[in-house]
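Report on one structure; see the data block that follows.
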Amino acid sequence: MSDIAEDTPAAQLEPSVSNSNSNLSAPSFKNDKDDLNEFETHQEPAIEIPKKPASAYITISIFCTMIGFGGFICGWDTGTIGGFLAHPDYLRRFGSKHHDGTYYFSNVRTGLVVSIFNIGGLIGCLTLGDLANRIGRKMALVAVVIIFMVGLVIQIASIDKWYQYFIGRIISGMGVGAISIFSPMLLSEVAPKHLRGTLGSMYQLMVTFGIFLGDCTNYGTKAYDNSVQWRVPLGLSFAWCLFMIAAMFFVPESPRYLIEVGKIEEAKQSIATSNKVSIDDPAVQGEADLIQAGIEAERAAGNASWGELFSTKGKVVQRLFMCCMLQSLQQLTGCNYFFYYGTIVFQAVGLSDSYETSIVFGIVNFASTFVAFYVVDRFGRRRCLMWGAAAMVACYVVYASVGVTRLHPHGNDGPTSKGAGNCMIVFSCFFIFCFACTWAPICWVVVSETFPLKIKPKGMAIANGFNWFWNFLISFFTPFITGAINFYYGYVFMGCMVFAYCYVFFFVPETKGLTLEEVNEMWEEGILPWKSPEWLPASKRDASVDMDALQHDDKPMYKRMFSKN
C-alpha cells in the first residue's frame, strides 16, 4: 500500500495468531495507519494454493465455458443481424419502398437496425449493473438472460412495424449489456489466478463462436423466401438462453460475493472447486482470509457510491478512465465494421456470395481466439495489446491502400479488380486474427480484474457502457461514412490503433499472475505501467526491491518506449 511507511519493521508484517473460534477475523480499524498495516498482513495467503497440471483444471474450465456462454448470446446477434439486412423478406417487412416497388434500407434505418441493440446494451450496463451485488453473480446472469428473452419475443412477433422490432432489440440489448458485465466478472472471480487470463478469455471465445454459428445460420436460411430467413435464427436464441440459465445452477458462485454476504463455508467450497484442492486444505483458508481482509477494509471505508468512482483515493478514477479507454479502443479497432457489415462491404469487392466471406471471417475469428488462450497468460496483457495494435496498423495500411488505389482501376463505376479484392479479404482475415488474439479477449480480462470489489459492478458498468456506446456510434455511422469516403475509412481505424499502442504503453499496467487483491495493491502503490512487469506484492519482496525505481522514471520518453519493458 502506498501509505504504509517504508520503514515498517518486517516483524510487524507477520500474521498474528488469533484464539478466536471464528473462521475469519476482521481488522479492528483503530486508525488509518493501523488499518493499513493490519490489512497488509493479509495481502497473501499463508500458504500458496499449489499449481497443478492442466488436466486437473478440466472441471473449472468447463464451468468457465458455461459462464462465458453469455458471450455466445451477444455474438449470435452480431453474426445474424448483418445477414438479416440482405434477406428479401426482412427487407420487405422493415425496409422502405422505392417508387418502382423495390425495397431498400436507407442509411438511417440500416444504422438503427444494427445499432439500436447497442443502445440497449448501454442502458443495461448502467441500470442493471448493481444486480451482481444484490442477488449474486449467478442469479444476476439468470435475470438478465430472461430480459434478453423478453426482447426476443417482441422481435419474433413483429410483422411489419419496424418500431416494434426496434423496441425488441433495445430490450434484448439491455440483457446482453448486463451479461457483458456479469459474465467476465464471475469468470475473473472463480478462475485460479494463474489461469485467469486464459479462462477469462472464455467470454470472448463464446462471442466468436456465436458470430460464426450466426453466420452459418444466415447462410442456411438464405434460400427461403419467407420469414424463416430471420425468425429461425431469432428463435434459436431461446435454446441458447435456456442452456445459459440451466448452466448457472451448476457453476460455482463467486467466493468474493459469498464472503461478502457471510457464506464462508460456501466460499471455501467455491475456492476449493476452482483450484482443485480439498476444502480442508490450509491454502483454501488462507485464500478466504485474504479475500475477507480486503472486504473488511472496503467496508470500513463505507458503501460505494457512484461519486466514489471519480475519487483519486486508491487511484480509482485512474482505473475507471483506463478501463473506459480500453473498451472504447476495442471498438475503435474497427472490428465491427467487418462483423456487422461484412456481407454488405464485400459485395462491393465483387464477391458473388458475400455470405461465404462472412463464414470465413467467423471461422478465422473463432479459431484465432484459441491462440489468445496461450498468449494472454504467456506474454501478459500489456505486451499482447501493444503487439495487437501494431499488427492491426499494418493490416489497415494494406487494406485501405488497396481499396482506395487498386480495387476500382477504371473508376468507381467500373468493374472491380479481382486480385485487389482477394488481397483485401486476405488482410481482413489477418486483421481479424490479430484482433481475436489480443484486443478482443484481453480488454474484458483487464476490466474484470482492475477494480476493487466494492466498486467493481459500478466500474465495470461504466467501462462496458463505453464499449456499447462506441459500438453504437460505429455501427450507426458506418453506412454514412463508407458512403462518403469508402475505403479511406480504414485509415481512421489505423490512426486509432497508433494511439492505442501509445496509450497501452503509458497507462495499462501488467496484471499477469496476480490475485485480484494484489492487482489492487499495485494500483495503490502507484507503480509505473511500463515497469509493472517487475513489481512484486509486499508479501513477496526482499530488501533488493527498489520501490522508488518502480514509481519514478527519469529516462527520456523514446528510451522508455523502445527499451525492454
Side-chain angles (χ1 to χ4, degrees), residues 22-24 42 44-72 132-133 135-142 145 179 181-203 205-206 243-295 373 376-377 444-445 448-449 453 456-457 513-519:
S22 62
N23 289 322
L24 300 168
H42 295 280
E44 185 69 20
I47 302 175
E48 282 276 357
I49 294 178
K51 295 181 182 179
K52 297 178 178 291
S55 59
Y57 298 103
I58 292 176
T59 301
I60 188 60
S61 297
I62 293 173
F63 286 152
C64 286
T65 302
M66 293 177 176
I67 296 168
F69 196 78
F72 182 94
N133 277 349
I135 62 176
R137 285 33 166 174
K138 293 187 348 178
M139 288 301 102
L141 275 168
V142 171
V145 168
I179 289 172
I181 301 174
F182 304 147
S183 187
M185 182 188 299
L186 184 54
L187 284 170
S188 72
E189 293 176 358
V190 302
K193 70 174 184 179
H194 63 286
L195 295 176
R196 194 171 64 243
T198 298
L199 297 181
S201 299
M202 283 293 183
Y203 177 80
L205 176 68
M206 289 294 104
F243 174 82
M244 182 73 182
I245 291 172
M248 289 304 100
F249 293 95
F250 294 94
V251 303
E253 178 59 277
S254 162
R256 287 163 177 79
Y257 167 76
L258 292 171
I259 290 178
E260 189 172 24
V261 297
K263 297 180 179 180
I264 308 301
E265 291 304 314
E266 292 182 32
K268 290 165 65 177
Q269 182 61 59
S270 178
I271 294 170
T273 300
S274 297
N275 292 277
K276 197 66 175 178
V277 294
S278 166
I279 193 174
D280 299 320
D281 192 306
V284 172
Q285 181 65 53
E287 183 78 9
D289 287 343
L290 174 64
I291 296 171
Q292 174 73 1
I295 291 172
F373 284 1
V376 65
D377 278 323
W444 299 106
V445 172
S448 69
E449 62 190 10
L453 180 65
K456 192 172 189 177
L514 302 178
T515 67
L516 298 180
E517 289 70 29
E518 289 167 351
V519 172

Candidate pair Ile67 and Met202, rule side-chain contact (heavy atoms from CB on, under 4.5 Å), full reasoning: CA-CA 8 Å; Ile67 296 168; Met202 283 293 183; over 6 Å; no

Residue pair Tyr57, Leu199: steps toward the side-chain contact (heavy atoms from CB on, under 4.5 Å) verdict: CA-CA 10 Å; Tyr57 298 103; Leu199 297 181; 5.9 Å; no

As an exercise, state the distance from [atom1] of [X] to [atom2] of [Y], rounded to the nearest 0.5 Å.
X	Y	atom1	atom2	answer
Arg137	Ser188	CZ	OG	8.0 Å
Phe72	Ser183	CZ	OG	13.5 Å
Tyr203	Thr65	OH	OG1	15.0 Å
Arg196	Leu187	CZ	CG	11.5 Å
Asn133	Met185	CG	CE	7.0 Å
Leu290	Glu517	CG	CD	4.5 Å

N-O pairing of Lys193 and Glu449 below 4.0 Å: no

Closest heavy-atom contact between [X] and [Y]?
X	Y	value
Ala288	Lys268	CB-CG, 4.1 Å
Val376	Ser201	CG1-OG, 4.1 Å
Leu186	Ser254	CD1-N, 3.6 Å
Val190	Ser274	O-OG, 2.7 Å
Tyr257	Ile135	OH-C, 3.6 Å
Pro192	Ile60	CD-CG1, 4.3 Å

Verdict with reasoning, Val145 to Met248, per side-chain contact (heavy atoms from CB on, under 4.5 Å): CA-CA 11 Å; Val145 168; Met248 289 304 100; over 6 Å; no

Main-chain N/O of Ala283 paired to Asp281 side chain as donor or acceptor, under 3.5 Å: yes

Derivation of the salt bridge (Lys or Arg N to Asp or Glu O under 4.0 Å) call for Glu189 and Lys456: CA-CA 11 Å; Glu189 293 176 358; Lys456 192 172 189 177; 3.1 Å; yes

Evaluation steps, side-chain contact (heavy atoms from CB on, under 4.5 Å), between Gln285 and Asp289: CA-CA 6 Å; Gln285 181 65 53; Asp289 287 343; 2.9 Å; yes

